[in-house]
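Below is one structure; the comments refer to it alone.
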Amino acid sequence: MTSTARPLLNRRLAEFGTTIFAEMSALALKTGSINLGQGFPDTDGPEEIREAAVRALRDGRGNQYPPGPGVPELRTAIAAHQERRYGLSYDPDAEVLVTAGATEAIAAALLALVEPGDEVIALEPYYDSYAACIAMAGGTRVPVTLRPHEGAFRLDLDELRAAVTDRTRLLLINTPHNPTGTVLTREELAAIAELAVERDLLVITDEVYEHLVFDEAEHIPLVTFPGMRERTVSIGSAGKTFSFTGWKVGWVTGTPTLVTAVRSAKQFLTYVASGPFQYAVAEALALPDSYFAAFRADMLAKRDVLAAGLAAAGFEVFRPAGTYFVTTDIRPLGPELSRNGDGFAFCRALPELAGVVAIPNAVFYDHREEGAPFVRFAFCKRVGVLEEATERLSKLQK
Ligand SMILES: *Cc1c(COP(=O)(O)O)cnc(C)c1O
């Protein structure tokens, strides 16, 4: 029997409800809309990597519980990737941990490092799992808001400094940043690193879009800055980089102490996951630079199709320097069409109005009013699909 005197869902999770993605994906199905809401590619990654997974499965590699820290082939490949791209040296045995996607890495790191009452600073708008995981760890989230400035969402470093208190335990930094597409600059990262060292904070970096940076932007891991190696848990993932988001292979790199701590939590979450896929991702990470360059060029072309189409349809477009999302401001569409700049109402109406699904950025904010007029569209879709979507959106104003 369930007591009716007490809510079923515990207090830590009560505020979260069902994710907006479920509601919007259901709406997309019902209305036959093009779904640019959730961020997953509509084409699979490289055929040879898919074949590598099939081979592993057939050869009986990874069909039973793989080792807790991940298969040695993958840990070695992750360490080699960090060395080749960033000149970072990690011991594959003591400093690399394979997880069930970046999602589990984030959860395990927060559960391992946060005591009840600790404050965790995250850049707002933030990836939706952050708030829930901070809550499950008993921490208090302290959002620092990225605000539009000269065509991009920017971090106010003074505001970040002011947000640090004696209770601050860690900074959770996502760059390239979902949903805004902001890529933090070398100067911003240097300032964040200085602050972390000065206030002796731990740092978790979410770098799942490390290979998706455009134009002049450059992804620089925060861990490469002075004093950061001993305090940074770096998180990566194969999902976005290789267009296999269903495989759920992610990883953590850090000092033996940090990785051991994260593993203490991880072992009681999934223990292990994605056995055969781990072998395939090991091969993917060793793909030549030409793969990564072609992937980036393909996504850049898609970004340009969607950004141009949204601008032509009357949206204000914040051209993303990274990720596979475009954030727009709907207010230029006018008060009637933009529902007085209410992104929620706009996104609920858009499938009927135009046959396109998008996500209101407000769901990624604590300060919902700050995010109200912003709406996110994903461009990790075939060019023909993006062209059809922009064609539909172009009729909005008519
Ligand atoms: C997609 C995404 C993740 C989750 O990555 P998985 O490897 O699929 O778990 C984490 N952080 C951000 C910012 C993302 O966009």
Side-chain angles (χ1 to χ4, degrees), residues 45-109 111-113 204-208 210-211 221 223-224 229-230 232-289 291-292:
E47 183 57 28
E48 75 243 55
I49 301 306
R50 219 154 50 149
E51 282 305 314
V54 172
R55 231 184 308 117
L57 205 137
R58 287 227 174 87
D59 295 349
R61 287 177 296 141
N63 291 330
Q64 309 303 331
Y65 294 135
V71 304
E73 289 84 347
L74 177 54
R75 281 184 280 118
T76 302
I78 292 164
H81 171 270
Q82 298 307 90
E83 176 78 54
R84 170 173 136 205
R85 307 224 45 112
Y86 309 118
L88 286 162
S89 156
Y90 288 102
D91 172 0
D93 291 325
E95 298 191 305
V96 180
L97 173 66
V98 177
T99 56
T103 305
E104 190 196 29
I106 293 159
L111 288 168
L113 302 173
I204 299 175
T205 62
D206 178 343
E207 304 177 50
V208 303
E210 63 186 310
H211 289 286
V223 71
T224 60
R229 183 68 166 82
E230 69 258 34
T232 306
V233 173
S234 307
I235 294 175
S237 170
K240 311 287 163 59
T241 298
F242 301 108
S243 302
F244 289 116
T245 58
W247 287 11
K248 297 301 284 190
V249 177
W251 51 84
V252 164
T253 49
T255 61
T257 325
L258 286 168
V259 165
T260 302
V262 177
R263 200 172 137 195
S264 303
K266 186 260 184 301
Q267 66 188 334
F268 300 119
L269 295 174
T270 58
Y271 176 49
V272 291
S274 313
F277 299 129
Q278 291 193 27
Y279 292 95
V281 171
E283 293 191 28
L285 284 168
L287 285 170
D289 289 346
Y291 165 76
F292 297 91

>> So does Arg229 get a backbone contact from the side chain of Thr232, meaning a donor-acceptor N/O pair under 3.5 Å?
In response: no
>> Any non-hydrogen side-chain atom of Val259 less than 4.5 Å from a side-chain atom of Val252?
In response: yes
>> Could you check whether any side-chain heavy atom of Thr205 comes within less than 4.5 Å of a side-chain heavy atom of Ile235, counting everything from C-beta outward?
In response: no
> If you look at every heavy atom in Pro276 and Gly62, which pair is closest and at what distance?
Replying inline: CD-O, 3.2 Å
> Hey, what's the ring geometry for Trp247 with Phe277, parallel, tilted or perpendicular (30° and 60° as the breaks)?
Replying inline: parallel
>> Please find the pair of heavy atoms, one from Val249 and one from Ser274, that lie closest to each other, and give the distance.
In response: CG2-CB, 3.8 Å
>> Test side chain to side chain contact (heavy atoms under 4.5 Å, CB included) on Leu57 and Tyr279; report intermediate values, then the result.
In response: CA-CA 9 Å; Leu57 205 137; Tyr279 292 95; over 6 Å; no
>> I need the minimum non-hydrogen distance between Pro46 and Tyr291, along with the two atoms involved.
In response: CG-CE1, 3.5 Å
>> Let's go through Arg55 and Glu283 carefully: what are the C-alpha distance in whole Å and the side-chain angles of both, what is the deciding distance for salt bridge (charged side-chain N to carboxylate O under 4.0 Å, His left out) to 0.1 Å, and is it a yes or a no?
In response: CA-CA 12 Å; Arg55 231 184 308 117; Glu283 293 191 28; 3.3 Å; yes
>> Suppose the criterion is salt bridge (charged side-chain N to carboxylate O under 4.0 Å, His left out): which pairs have a residue in residues 73-86, not counting sequence neighbours?
In response: Arg75-Asp93, Arg84-Asp289
> Is there a side-chain contact between Leu113 and Val233 (heavy atoms, below 4.5 Å)?
Replying inline: yes
>> Using every non-hydrogen atom in the two residues, find where Ala108 and Ala265 come nearest and quote the distance to one decimal.
In response: O-CB, 3.5 Å
> Aromatic rings Phe292 and His81: how do their planes relate, parallel, tilted or perpendicular, breaks at 30° and 60°?
Replying inline: tilted
> Would you say Ser234 and Glu207 make side-chain contact, with heavy atoms under 4.5 Å?
Replying inline: yes
> Between Ser243 (side chain) and Gly239 (backbone), is there a donor-acceptor pair under 3.5 Å?
Replying inline: no
>> Could you tell me if Ser237 and Lys248 have a donor-acceptor pair between their side chains, going purely by distance under 3.5 Å?
In response: no
>> Applying side chain to side chain contact (heavy atoms under 4.5 Å, CB included) to Leu97 and Thr99, what does each step give before you reach the verdict?
In response: CA-CA 6 Å; Leu97 173 66; Thr99 56; 4.3 Å; yes
> Would Leu111 and Lys266 satisfy side chain to side chain contact (heavy atoms under 4.5 Å, CB included), going step by step from the backbone distance to the final call?
Replying inline: CA-CA 9 Å; Leu111 288 168; Lys266 186 260 184 301; over 6 Å; no
> Can a donor-acceptor pair be found between the side chains of Glu95 and Thr255 at a distance below 3.5 Å?
Replying inline: no
>> The criterion is salt bridge (charged side-chain N to carboxylate O under 4.0 Å, His left out); which residues satisfy it with Lys240, sequence neighbours excluded?
In response: none
> Side chains of Leu285 and Leu74: does their closest heavy-atom pair fall under 4.5 Å?
Replying inline: yes
> Passes side chain to side chain contact (heavy atoms under 4.5 Å, CB included), Val223 versus Tyr86? Steps please.
Replying inline: CA-CA 10 Å; Val223 71; Tyr86 309 118; over 6 Å; no
>> Between Ile49 and Leu287, is there a side-chain heavy-atom distance shorter than 4.5 Å?
In response: yes
> Would you say the side chain of Val98 lies within less than 4.5 Å of the side chain of Val71, judging by non-hydrogen atoms?
Replying inline: no
> What residues form a side-chain hydrogen bond (donor to acceptor under 3.5 Å, both in side chains) with Glu47, not counting sequence neighbours?
Replying inline: Arg50
> What is the minimum heavy-atom distance between Ala273 and Ala100, and which atoms define it?
Replying inline: CB-CB, 3.8 Å
>> I need the minimum non-hydrogen distance between Ala79 and Pro92, along with the two atoms involved.
In response: CB-CG, 4.0 Å
